[in-house]
Every structure is written in structure tokens, then in C-alpha cells.
Protein chains: 2
Amino acid sequence: MKASFEDLKEELKIRHINLSHQRLKVLEYLIQNQYHPTVDQIFTELHQEISTLSKTTVYNTLRVLVEAGLVRAINIEDHETRYDINVENHGHFKCESCARIDDFRIDTDSLVFDDLINFVIKEKNVNFKGICPRCLSMSK
Amino acid sequence: MKASFEDLKEELKIRHINLSHQRLKVLEYLIQNQYHPTVDQIFTELHQEISTLSKTTVYNTLRVLVEAGLVRAINIEDHETRYDINVENHGHFKCESCARIDDFRIDTDSLVFDDLINFVIKEKNVNFKGICPRCLSMSK
DNA sequence: GTTCCTGCAAAAGCTTTGCAGAAGA
DNA sequence: TCTTCTGCAAAGCTTTTGCAGGAAC
């Protein structure tokens with residue numbers, strides 16, 4: 001069950017995070033565009049709508065949303081962080097050809113390892129890389 | 001069975017990669033310091049020994065070694081790449097407190113998911129985060 | 001001798017910081 | 001009103017690029 005825009009707004013209110021116009025727009029964008037966008041992609045798109053928007057605000061907003069647990073930051077490579085509104089358990093597959101990131105279902109609770117018996121695990125990331133079906137069919 | 005310095009030198013020769021003094025030193029450093037160092041850590045340490053060494057050369061060398069498959073680049077977060085001479089199957093645990101990365105045993109071949117049935121998978125990364133036993137015992 | 005490598009300087013790309021003015025509650 | 005947020009400019013970091021001199025084979 002995915003969280004709706006209204007649920008997330010409520011979540012922000014509970015945490016006393018101001019519902020500014022810019023923040024709500026970023027949140028809305030992430031819900032409507034679940035392709036794991038970069039800061040630059042979010043900024044470029046929203047800037048067309050809100051001409052005064054700054055990239056700093058996009059950075060600030062994403063940091064707030066990540067800290068609040070509403071958004072997940074993904075670091076696979078390429079020195080750029082990508083953002084995901086879906087904070088549920090899942091893996092990420094990054095295509096080397098088109099750079100797109102696909103989600104895949106994975107039960108991270110089942111990933112338990114003897115070597116980590118004395119570790120406190122707060123986050124589990126499973127990132128695969130390769131070629132996605134779309135790019136495979138194009139190269140044929 | 002881990003690869004020795006001599007094995008890796010042989011591997012470089014086969015691939016027609018020049019065995020320059022700098023490259024051998026970087027390789028040797030990675031073998032002797034398997035703590036997943038950053039470029040800066042490698043550079044700083046080796047610079048004490050080779051005063052003319054440049055960071056560009058460290059970057060160049062690591063790129064060559066990664067392309068040759070002798071070294072693995074790790075991107076967990078923090079916009080810095082870390083390097084690992086161990087290219088065998090294993091996961092990485094990064095401590096949020098001391099930033100150290102521990103290896104843990106994992107058979108990535110067993111990680112197969114229905115959602116990825118039409119994908120060509122070239123790389124599988126399993127990265128966990130949390131607090132390591134060393135930091136846990138210190139905070140008590 | 002030819003090819004490849006090194007290292008300096010500069011630039012590029014992503015992200016953070018400081019701060020004055022503006023907006024939210 | 002009081003607190004928090006926005007957005008500009010500047011700076012901070014890691015990494016890449018161009019290129020002349022130097023090393024490897």
C-alpha cells in the first residue's frame with residue numbers, strides 16, 4: 001500500500017515541518033515521477049513551473065524529507081544521489097546504458113548473515129547493475 | 001584463495017598494462033591495506049614515500065585496475081568512491097560512526113529475483129549500514 | 001623510437017554554507 | 001510576532017581533462 005500525497009502531508013504536519021509551496025511541489029513531483037530522479041532533474045522540471053525556485057531549496061527539501069523518513073536517498077554510483085518516494089523494502093537495478101533505475105521486489109528481512117551477528121543494521125541496500133530489457137531490445 | 005601481488009602483476013602483464021612504479025605501489029597498498037581506502041587515503045599514505053606522486057596518477061591507476069577487473073570500486077554514499085582489492089563475492093557494511101567498511105560473506109549467485117528475469121545482470125552490490133561492534137562497545 | 005604514463009594546472013560536477021529578505025504559523 | 005524557509009552567491013569536495021615532459025618497452 002503506497003502512501004498518498006495527503007498521507008505524506010499529514011506526516012509532515014505531525015513532524016512540524018512547514019508545508020511550504022516548494023516542499024509540497026517537490027513531494028508531489030516525487031509521487032508522480034517514480035523514476036528515481038536526480039536533484040537536477042527535479043529542479044529543471046519544477047523550475048519551468050516555479051520560475052523563482054532555486055536548486056538550494058530542492059537540496060534542502062530533499063534533506064528534510066529524507067530525515068523525516070518520507071523519501072529514500074539512493075547512491076549507486078556516478079557521484080549523484082537519486083531520490084525515491086518508495087521507502088518500502090526493495091532493490092534497485094541501474095541500467096548502464098540508459099541510466100534508468102528500476103525497482104525490484106526483495107524481502108530484505110530475509111537477508112541475514114552470520115558475519116554480522118554483532119552489528120546493528122539500520123539500512124540494507126541491494127543494488128544491481130547491467131542492461132535493462134528496453135535497451136536490450138533496442139540493440140537487437 | 002586470495003590473489004597475491006605476483007599473481008596480480010602477472011595479470012597486468014597479460015593485459016599489456018605497464019608495470020610502472022606508481023601502479024605497483026598502489027596495487028601493493030591495496031593488498032596490504034584492505035580497509036577499503038578512499039583515493040585521498042591512498043594518495044596521502046603513498047605520497048609520504050613517493051614525494052612526486054600526484055593524485056591524478058592515483059585516479060588513473062585505480063581506473064585502470066578497476067577496468068582490468070583487479071580492483072572493485074565501492075559507492076555506498078558520501079560522494080566518495082572506495083576501493084577494494086577483493087573482487088570476490090561479498091557484501092559491505094559501512095559503520096555510520098567510524099565510517100569503516102567491513103566485508104561480510106554472501107553468495108550473490110543465490111540472489112535471484114523474478115522481477116529481473118529479462119535483465120542482464122553484470123554487478124550485484126549488497127551494502128548495509130549501521131553501527132559496528134567496535135563502536136557499540138565504545139559507547140557503553 | 002614509439003607508445004604509454006605521469007603530474008601539474010585548470011575545469012567540471014555535485015553538494016553545502018552563509019546570510020539577508022520573505023513566507024509560514 | 002516569531003520562527004522557519006527561500007534563494008542568491010560563494011565555497012568545498014571529489015573527480016576529470018588537457019597537455020608537455022618523462023618513463024617503459
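In what follows, chains carry the letters A, B, and so on, assigned in the order in which the sequence lines appear, proteins first and then strands, with residues in each chain numbered from 1. Since this is a predicted model, take the numbers as computed values, not measurements.
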Quiz item: How long is the line joining CD1 of A:Ile17 and P of D:dC5, in whole Å?
Solution: 8 Å

Exercise. Would you indicate whether the side-chain heavy atoms of B:Val126 and B:Leu111 approach each other to under 4.5 Å?
Key: yes

Quiz item: Where does the angle between the aromatic ring planes of B:Phe93 and A:Phe119 fall among parallel (under 30°), tilted (30 to 60°) and perpendicular (over 60°)?
Solution: perpendicular

Quiz prompt | Nucleotide C:dT6, atom P - distance to CZ of B:Phe43 in whole Å | solution = 14 Å

Exercise. Please work out if A:Thr52 contacts a base, only the sugar-phosphate, or nothing of the nucleic acid, heavy-atom cut-off 4.0 Å.
Key: sugar-phosphate

Quiz item: Closer than 4.0 Å, any side-chain N/O of B:Arg63 to the OP1 or OP2 of D:dT16?
Solution: no

Exercise. Taking the side chain as every heavy atom from C-beta outward, state whether B:Val120 and A:Leu136 have any atom pair closer than 4.5 Å.
Key: yes

Quiz item: Does B:Ser20 place a side-chain N or O at less than 4.0 Å from the phosphate oxygens OP1/OP2 of D:dA23?
Solution: no

Self-check item: Options C:dT6, D:dT6, C:dT15, nucleotide nearest the side-chain atoms of A:Thr61
Solution: D:dT6

Practice problem: Under 4.0 Å between any heavy atoms, over every strand shown, what does A:Thr81 touch: base, sugar-phosphate, or nothing? Just pick one. | Solution: sugar-phosphate

Quiz item: Could you give the NZ-to-C1' distance, from B:Lys55 to C:dA11, as a whole number of Å?
Solution: 16 Å

Exercise. Ignoring backbone atoms, test whether B:Ser54 places a side-chain nitrogen or oxygen under 4.0 Å from the OP1 or OP2 oxygen of C:dT6.
Key: no

Self-check item: Atom-to-atom span, CG of A:Asn60 to C1' of C:dA23 - whole angstrom
Solution: 15 Å

Practice problem: Dump the intermediate steps for side-chain hydrogen bond (donor to acceptor under 3.5 Å, both in side chains) on B:Asp103 and B:His36, then the final yes or no. | Solution: CA-CA 9 Å; B:Asp103 288 344; B:His36 314 82; 2.7 Å; yes

Exercise. Specify the separation, in whole Å, of atom CG of B:Leu19 and atom P of D:dA23.
Key: 17 Å

Quiz item: Parallel, tilted or perpendicular for A:Phe104 and B:Phe113, by the 30°/60° rule?
Solution: tilted

Quiz prompt | Phosphate-side-chain proximity, B:Gln22 and D:dA23, N/O vs OP1/OP2 below 4.0 Å | solution = no

Practice problem: Assign B:Thr56 to base, sugar-phosphate, or nothing according to its heavy-atom contacts below 4.0 angstrom with the strands shown. | Solution: base

Quiz item: Atom NE2 of A:His47 and atom P of D:dT6: how far apart are they, to the nearest Å?
Solution: 15 Å

Quiz prompt | Whole angstrom value for the distance that separates P of C:dA22 from NE2 of A:His21 | solution = 18 Å

Exercise. Verify the contact: side-chain N or O of A:Tyr59 to OP1 or OP2 of C:dT16, cut-off strictly under 4.0 Å; return yes or no.
Key: no

Quiz item: Would you say C:dT6 has OP1 or OP2 under 4.0 Å from some side-chain N or O of B:Arg23?
Solution: yes

Quiz prompt | Integer-rounded Å distance: D:dT16 P and B:Leu62 CG | solution = 10 Å

